[in-house]
Engineer: 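Dropping a structure here in structure tokens format, bear with me for questions.
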Amino acid sequence: QVQLVESGGGLVQAGGSLRLSCAASGSTLRLYVMGWHRQAPGKQRELVAHITSGGLTHYVDSVKGRFTISRDNAKNTGYLQMNNLKPEDTAVYYCKLTTPSQPYWGQGTQVTVSS
């Protein structure tokens, strides 16, 4: 079975930084699209960033220039580096792996940015 486990969330002040990790087992991240989504209180889940098997990256406009998505193939782990965090970034962040058969989701990690 494919399992994705997020870590690295926490409480930070506005302007601070966090790095989220997504450790994968049962599948190889670099073969597929890996992405990060987030869901804020009272809002729908939205795509934040993703990276393709070829290394192409895409970001939602609200995080461009602040967030960076990457992979460590040796560790089979994905990352989301988040800099200059804002209160509106507060959400549960989920790792997603998109394969030809089905998508896989992690259980999420909470990011809270105080003002």
Engineer: Hey, does the side chain of Asn76 reach the backbone of Ser27 with a donor-acceptor pair shorter than 3.5 angstrom?
Structural biologist: yes
Engineer: Between Leu20 and Met82, which heavy-atom pair has the shortest distance, and what is it?
Structural biologist: CG-CE, 3.7 Å
Engineer: A quick test of your reading: do over 12 heavy atoms of other residues, nucleotides or ligands sit less than 6.0 Å from CD of Gln107?
Structural biologist: no
Engineer: Using only atom types and a distance under 3.5 Å, with no angle test, would you say the side chain of Thr28 pairs donor to acceptor with the backbone of Arg30?
Structural biologist: no
Engineer: Taking all heavy atoms of Arg66 and all of Asn84, pick out the closest pair and write down the distance.
Structural biologist: NH1-O, 3.0 Å
Engineer: I'd like to know if the side chain of Tyr93 pairs up with that of Arg38 as donor and acceptor (distance under 3.5 Å, no hydrogens or angles considered).
Structural biologist: yes
Engineer: Using only atom types and a distance under 3.5 Å, with no angle test, would you say the side chain of Tyr94 pairs donor to acceptor with the backbone of Gly35?
Structural biologist: no
Engineer: Applying the 4.5 Å side-chain criterion to the ILVMFWY set and letting contacts propagate, would Ile51 and Val33 be lumped into a single cluster?
Structural biologist: no
Engineer: If only atom types and distance count, is the side chain of Thr99 paired as donor or acceptor with the main-chain N or O of Gln102 below 3.5 Å?
Structural biologist: yes
Engineer: So, taking the atom named CG in Leu4 and the one named NZ in Lys96, what distance separates them when rounded to the nearest 0.5 Å?
Structural biologist: 11.5 Å
Engineer: Does the distance from a Lys or Arg side-chain N to an Asp or Glu carboxylate O, for Asp89 and Lys86, drop under 4.0 Å?
Structural biologist: no
Engineer: Among the clusters formed by ILVMFWY side chains lying less than 4.5 Å apart, do Met34 and Trp105 turn up in the same one?
Structural biologist: no
Engineer: About how many Å separate CG of Leu18 and CZ of Phe67, when rounded to the nearest 0.5 Å?
Structural biologist: 9.0 Å
Engineer: Ignoring hydrogens, what is the shortest heavy-atom contact between Thr77 and Leu29? Give both atom names and the distance.
Structural biologist: C-CD1, 3.5 Å
Engineer: Do Leu31 and Val2 belong to the same hydrophobic cluster, where Ile, Leu, Val, Met, Phe, Trp and Tyr are linked whenever their side-chain heavy atoms lie under 4.5 Å apart, directly or via other members?
Structural biologist: yes
Engineer: Test side-chain contact (heavy atoms from CB on, under 4.5 Å) on Leu97 and Tyr32; report intermediate values, then the result.
Structural biologist: CA-CA 7 Å; Leu97 184 66; Tyr32 311 108; 3.8 Å; yes
Engineer: Do you know the tightest heavy-atom contact between Val92 and Gly108?
Structural biologist: CG1-CA, 3.9 Å
Engineer: If we ignore angles and hydrogens, is there a donor and acceptor under 3.5 Å between the side chains of Thr90 and Glu88?
Structural biologist: no
Engineer: Quick check: does any side chain N or O of Thr109 sit under 3.5 Å from a backbone N or O of Gly9, one acting as donor and the other as acceptor?
Structural biologist: yes
Engineer: Check whether Tyr79 and Val111 end up in the same hydrophobic cluster, where Ile, Leu, Val, Met, Phe, Trp and Tyr are linked by side-chain heavy atoms less than 4.5 Å apart.
Structural biologist: no
Engineer: Any chance you could measure Arg19, atom CZ, to Leu80, atom CG, to the nearest 0.5 Å?
Structural biologist: 10.5 Å
Engineer: Starting at CD of Gln44, measure out to NE2 of His37 and round the result to the nearest 0.5 Å.
Structural biologist: 12.0 Å
Engineer: Indicate the atoms forming the closest heavy-atom contact of Glu6 with Trp36, along with that distance.
Structural biologist: CG-CZ3, 3.8 Å
Engineer: At what distance, to the nearest 0.5 angstrom, does CG of Leu85 lie from OG of Ser114?
Structural biologist: 10.5 Å
Engineer: For a quick test of reading the model, state the closest non-hydrogen atom pair linking Tyr59 to Val63 and the distance between them.
Structural biologist: CB-CG2, 4.0 Å
Engineer: How far does CD of Gln81 sit from OG of Ser17, to the nearest 0.5 angstrom?
Structural biologist: 6.0 Å
